[in-house]
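Each remark here refers to the structure printed beneath this line.
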Protein chains: 2
Amino acid sequence: MKLSTKGRYAVTAMMDLAINHRTGPMSLADISKNQSISLSYLEQIFSKLRKADLVEGVRGPGGGYRLARPINQITIAQIMQAADVSIDSTQCLGAEDCSSGDRCLTHKLWEDLSFKLYEFLNDITLADFVKEPKIRHMRMPQDSASNYINTMFLPISRAS
Amino acid sequence: MKLSTKGRYAVTAMMDLAINHRTGPMSLADISKNQSISLSYLEQIFSKLRKADLVEGVRGPGGGYRLARPINQITIAQIMQAADVSIDSTQCLGAEDCSSGDRCLTHKLWEDLSFKLYEFLNDITLADFVKEPKIRHMRMPQDSASNYINTMFLPISRAS
DNA sequence: GTAATAACCAAGTAACTTACTAGGTATTAA
DNA sequence: TTAATACCTAGTAAGTTACTTGGTTATTAC
């Protein structure tokens, strides 16, 4: 799981789907326009989301994608895990006895942290962002926050 | 901020420092051995940590790095922000009026999520992992957790 | 004061990821 | 039958990762 632009694309696209989940399937063309993401790149991301059973595709005119489950059963952690490149652990493999003792101590500590973070993100569902018919924003301090936010999760600028 | 191998290197190295912060500065050569990270790569990472005032370098024999602040004043969020590549936001810049209304709604929702995550990681300090003279592990369910963990934050395997 | 030890610095690189383009095929509604 | 859409494969330039090489300072121990 990574917190990069790709994960952000997946999450924001799923939010779009969640917001519009009453009005039938939503086409990738629409999401592409909304989010300023290339259609083909969205297709690739949605291919992964579909394989993870988070969305369902509907072909033909008027088709598109819809959420495969109720909004309160789709978590941020699930979306990010689905979108990200598959990750392969070579050192330790989570085994208890990885090079025994101190050497792997920080590895264990990192796992503890990872799990805490996973729990945190797995507790947040799309329903936490979307309340019909109006969007309910999560409470958030205004000014102290904005400085951090702008330097954290926003996309890297690319020359076109 | 990203949750990738680089951030993991930085965090685990800082954990190493925190664990040994009583016995004087710790050399990168030691950390390199402990964590199986190349010395020169560590130097690059520590250069960033030093510029972020998280560590202090001590030159000469017996030298190394030590934490620049008490362990309860260094957060995971700070470490990851310091280690990661600088990120530049081109769309929205956090402005309230970015393309007005629905178009940027999910962007706002993503910011809310980012901030929540930042708060979460900024609440965890190195002291939460290290308690002298013994290490205190964070509580963590055993079996249900391990499957997730192994596929989440561990390094990508690379052919050498 | 010389040698060893370490931080500190800069440049280069192969493998990989990102974000995108191009060019299709398959399915379905009108 | 046509158009709209999902769905699929291959390619690519730019950026990141993780590392290598080859230095230069600063400090301690002898």
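Sequence lines set the chain letters: A, B, ... in the order given, protein chains first and strands last, and positions in each chain run from 1.
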Judged by each residue's nearest nucleotide on DNA chain C, which is more toward the 5′ side, A:Ser40 or B:Leu39?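 It is B:Leu39, whose closest nucleotide lies nearer the 5' terminus.
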Below the 4.0 Å mark, does C:dA6 have OP1 or OP2 next to a side-chain nitrogen or oxygen of B:Tyr65?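 Answer no for this pair, as no side-chain N or O of B:Tyr65 is under 4.0 Å from OP1 or OP2.
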Would you say B:Arg50 places a side-chain N or O within less than 4.0 Å of OP1 or OP2 belonging to C:dC9? yes
The criterion is side-chain hydrogen bond (donor to acceptor under 3.5 Å, both in side chains); which residues satisfy it with A:Ser32, sequence neighbours excluded?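 Residues passing side-chain hydrogen bond (donor to acceptor under 3.5 Å, both in side chains) with A:Ser32: none at all.
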Starting at [atom1] of [X] and ending at [atom2] of [N], how long is that distance when rounded to a whole Å?
{"X": "B:Tyr41", "N": "C:dT13", "atom1": "OH", "atom2": "P", "value": "18 Å"}
{"X": "A:Lys48", "N": "C:dA19", "atom1": "NZ", "atom2": "P", "value": "11 Å"}
{"X": "A:Glu56", "N": "C:dT27", "atom1": "CD", "atom2": "P", "value": "17 Å"}
{"X": "B:Gln35", "N": "D:dA18", "atom1": "CD", "atom2": "P", "value": "14 Å"}
{"X": "A:Arg66", "N": "D:dA6", "atom1": "CZ", "atom2": "C1'", "value": "13 Å"}
{"X": "A:Leu42", "N": "C:dC20", "atom1": "CG", "atom2": "P", "value": "9 Å"}
{"X": "A:Leu17", "N": "D:dT5", "atom1": "CG", "atom2": "C1'", "value": "15 Å"}
{"X": "B:Ile45", "N": "C:dC8", "atom1": "CD1", "atom2": "C1'", "value": "15 Å"}

Considering all heavy atoms, the nearest [X]-[Y] contact:
{"X": "B:Lys116", "Y": "A:Phe120", "value": "O-CZ, 3.7 Å"}
{"X": "A:Gln73", "Y": "A:Gln78", "value": "O-OE1, 3.5 Å"}
{"X": "A:Ala52", "Y": "A:Ala82", "value": "CB-CB, 3.6 Å"}

Nearest-nucleotide wise, let me know which of A:Gln44 and A:Gly64 is further upstream toward the 5' end of DNA chain D.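 That would be A:Gly64.
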If you check every side-chain atom of A:Ser47, which of C:dC9, C:dC20, D:dC8 has the closest atom?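 Among the listed nucleotides, the one closest to the side chain of A:Ser47 is D:dC8.
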Assigning hydrophobic clusters by single linkage (Ile, Leu, Val, Met, Phe, Trp, Tyr; side-chain heavy-atom cutoff under 4.5 Å), is B:Ile124 placed with B:Val11? yes
Angle class for the B:Phe46/B:Tyr65 ring planes (parallel below 30°, perpendicular above 60°, tilted otherwise)?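 Ring orientation, 0 to 90° scale: tilted.
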Using a cut-off of 4.0 Å between protein heavy atoms and nucleotide atoms, how would you tag nucleotides 25-30 of chain D 5' to 3' with B, S and -? BSBB--
Donor-acceptor side-chain pairing of B:Thr125 and B:Asn72 below 3.5 angstrom: no
